[in-house]
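Everything below concerns the one structure shown next.
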Amino acid sequence: MLVICAVDQAFFGVMLSERHAAMLDFERSWWSNEEPRDQVVRARFQCSPENYQAELAAVLDDPAAMEHDPLVVRRLKRLRLRARQARIDGIASAGSGEGAHA
């Protein structure tokens, strides 16, 4: 006889920080801003655009981000995947192009 007991466990989801939620909100509509994107990133998030992108990449992998704004997270992950694929394709075509020495 097989007996399965389920333990009553409350699920405590990890909340997205205010900063990370603000980053996703910014990514939803940054193009509607009249100022250049890099200036807005520096002013709003007090970091360089490079550091912002690195932090945003980490946020995209957080399950709480998907709960906050699934459309933005999916769009940004799709863009990230396309950029990665373009880099891979660029490296592959550069190595097999005309004039390549063996």
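Residue pairs that meet the salt bridge (charged side-chain N to carboxylate O under 4.0 Å, His left out) test with at least one member in residues 73-84, sequence neighbours left out, are Asp61-Arg80. Within the structure, side chain to side chain donor-acceptor pair (under 3.5 Å) pairs that include any residue of residues 31-47 comprise Glu27-Arg37 (at least two apart or interchain).
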**OP:** Show your reasoning for whether side-chain contact (heavy atoms from CB on, under 4.5 Å) applies to Val59 and Val73.
**Re:** CA-CA 9 Å; Val59 171; Val73 171; over 6 Å; no
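To the nearest 0.5 Å, atoms CG (Leu76) and CG (Asp69) are separated by 9.0 Å.
Tyr52 and Phe26 have perpendicular rings, their planes meeting at more than 60° on a 0 to 90° scale where under 30° would count as parallel.
Between the side chains of His68 and Asp62, no donor-acceptor pair of N or O atoms lies under 3.5 Å.
By the side chain to side chain donor-acceptor pair (under 3.5 Å) test, Glu55 pairs with Arg19, His20, sequence neighbours left out.
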